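Below: the structure, in structure tokens.
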Amino acid sequence: MVAMKSDNFFERVYGIVRQIPEGCVTSYGAIARALGTAGSSRMVGYAMRGAGGVYPPVPAHRVVNRAGLLTGKRAFGSPTMMAQLLANEGVAVVDDKVVDFEQVFWDPQDALGD
DNA sequence: GTGGTGACGTATA
DNA sequence: GTATACGCCACCA
């Protein structure tokens, strides 16, 4: 099967993010590790940068860094869009940071073992 | 084919 | 505990 998806890596990241349940969030490193590319944690975020142009849409707003900071909020067009979406999902966000990050944290490996 | 960059993470000072 | 430096690896020009 002709691998038309050269974004094998990207697609995988999208697949994980799309499995994130509503009201939950995860970290780039966790996703990267779930993919087996823990070393390319940066690539996870890089992939998300293109998440706004792929289909189906990827809830990138549910993906934050290790500190729970909405580092990529700027990728949503508005610096408050990401926080707004999270708040809409039930995730409290203050100062561009996820509140109780560890409580709403979702483990991507959980989807793999589904 | 090479170089530069990056929505991170970890290590060290 | 805070601040700074480096590394990782895949994508883009």
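By convention in this document, chain letters (A, B, ...) are assigned in the order of the sequence lines, proteins followed by strands, and residues within each chain are numbered from 1. Treat the numbers as computed from the prediction; the structure is a model and nothing was measured.
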### Task
Quick one: closest heavy-atom pair of A:Glu89 and A:Glu22, and the distance?
OE1-CG, 2.5 Å
### Pairing stems for DNA chain B [at least three consecutive pairs; Watson-Crick or G-U; under 3.5 angstrom]
B:2-6 with C:9-13, B:8-13 with C:2-7
### Summary
For A:Phe9 and A:Thr37 the tightest heavy-atom approach is CE1-OG1, 3.2 Å
### Task
Give the minimum heavy-atom separation between A:Met48 and A:Val17, together with the two atoms involved.
CE-CG2, 3.5 Å
### Message
To check you understand the geometry: which heavy-atom pair defines the closest contact between A:Cys24 and A:Trp106, and what is its length?
### Response
CB-CB, 3.7 Å
### Task
Return yes when atom CZ of A:Arg18 has more than 12 non-hydrogen atoms of other residues, nucleotides or ligands closer than 6.0 Å, and no otherwise.
yes
### Query
What pair of heavy atoms forms the shortest contact from A:Val58 to A:Ala51, and how long is it?
CB-CB, 3.7 Å
### Query
Between A:Ala30 and A:Pro108, what is the shortest heavy-atom contact and its length?
O-CG, 3.4 Å
### Query
How does each nucleotide of nucleotides 6-13 of chain B score, in 5' to 3' order, for protein heavy atoms under 4.0 Å: base (B), sugar-phosphate only (S), or none (-)?
BBBSS---
